[in-house]
Amino acid sequence: MSPSATTKIHVTALDGIVNVNSLFTLALFLGLSQPISSSAASLVTDPSCAAASSTGEDFLVFHVYAFSSFLFSSLVALAIKQAIVLSDNSAADITSATNFAAAVVDNVLGPGYYESLVHVNLKALRLGTLISGLGSILGCGFLTLALVNLVQIKLGVLSCGSLYTVAAIAPLVTLVPLASIVYVFLLLHAFTR
């Protein structure tokens, strides 16, 4: 695989991380805009099954942790992407011999191909992508915990055994970790390539 293809794949992966983190951040803000402290916000009729105030505090704290994790992940991804762009711009200052090589490559492989070749430290690129991906995983974990607390606030605590609470939380705590495990394995696979 050519350096250009490798760099383009990494840039595409970094764009994907930033886009997904943006969607999750929007979900966080929507979640924070919901009233959680009033009794009208809860659907619980049995006072013994109502969530304690600590559940509401945990809801808010996990939202903040998730937001900071997604922001960290996005900033790392954007910094790596910016480093690639700066590296690409510094490659424009080339000598006449390199201009000749660029002309030959462009004639053989097509116009603009040579300019897309960027020299990037692949170890730093992989490490940065791994750190950014792990920030996204942490954010997903904190967002899951926040949603579990939201369900308990709205439908009653899990210890009461409400069918609606269990039905809302069960897919959340099974599907999100499963998707996270798949994401981690794919991230580690990309990290080693």
When hydrophobic residues are tied together by side-chain contacts of less than 4.5 Å, even through go-betweens, does [X] share a cluster with [Y]?
{"X": "Leu143", "Y": "Leu175", "result": "no"}
{"X": "Val61", "Y": "Leu145", "result": "yes"}
{"X": "Val157", "Y": "Val166", "result": "no"}
{"X": "Leu130", "Y": "Leu138", "result": "no"}
{"X": "Phe142", "Y": "Val173", "result": "no"}

From [X] atom [atom1] to [Y] atom [atom2], the distance as rounded to the nearest 0.5 Å:
{"X": "Ser22", "Y": "Ile17", "atom1": "OG", "atom2": "CD1", "value": "11.5 Å"}
{"X": "Asp58", "Y": "Ile153", "atom1": "CG", "atom2": "CD1", "value": "8.5 Å"}
{"X": "Leu172", "Y": "Thr144", "atom1": "CG", "atom2": "OG1", "value": "5.0 Å"}
{"X": "Leu134", "Y": "Thr129", "atom1": "CG", "atom2": "OG1", "value": "11.0 Å"}
{"X": "Leu60", "Y": "Leu150", "atom1": "CG", "atom2": "CG", "value": "12.0 Å"}

Kindly indicate whether the side chain of [X], heavy atoms from C-beta on, has any atom under 4.5 Å from the side chain of [Y].
{"X": "Ser136", "Y": "Val20", "answer": "no"}
{"X": "Phe29", "Y": "Phe67", "answer": "yes"}
{"X": "Val18", "Y": "Leu78", "answer": "yes"}

Review point. If you look at every heavy atom in Gly128 and Val76, which pair is closest and at what distance?
Key: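 Looks like O-CG1, 3.5 Å.
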
Please check if the side chain of [X] supplies one atom and the backbone of [Y] the other of a donor-acceptor pair under 3.5 Å.
{"X": "Ser73", "Y": "Ser132", "answer": "yes"}
{"X": "Ser68", "Y": "Tyr65", "answer": "yes"}
{"X": "Thr165", "Y": "Gln152", "answer": "no"}

Point to revise | Trace of the side chain to side chain contact (heavy atoms under 4.5 Å, CB included) decision for Cys140 with Tyr183 | key: CA-CA 11 Å; Cys140 286; Tyr183 182 74; over 6 Å; no

**Study point:** Under 4.5 Å side-chain linkage, directly or through intermediates, the cluster mates of Leu26
**Key:**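 Its cluster partners, ordered by chain and number, are Leu30.
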
Check your understanding: Does the separation of the ring centres of Phe59 and His63 fall below 6.0 angstrom?
Key ->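 Yes; His63 has its ring centre under 6.0 Å from that of Phe59.
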
**Study point:** Residues Thr55 and Asn149: side-chain donor-acceptor under 3.5 angstrom
**Key:**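 No, because no side-chain N or O of Thr55 sits under 3.5 Å from a partner of the opposite role on Asn149.
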
Exercise for review: Please assess Ile131 against Phe72 for the test side chain to side chain contact (heavy atoms under 4.5 Å, CB included), listing each intermediate value before the final yes or no.
Suggested key: CA-CA 9 Å; Ile131 290 171; Phe72 168 78; 3.6 Å; yes

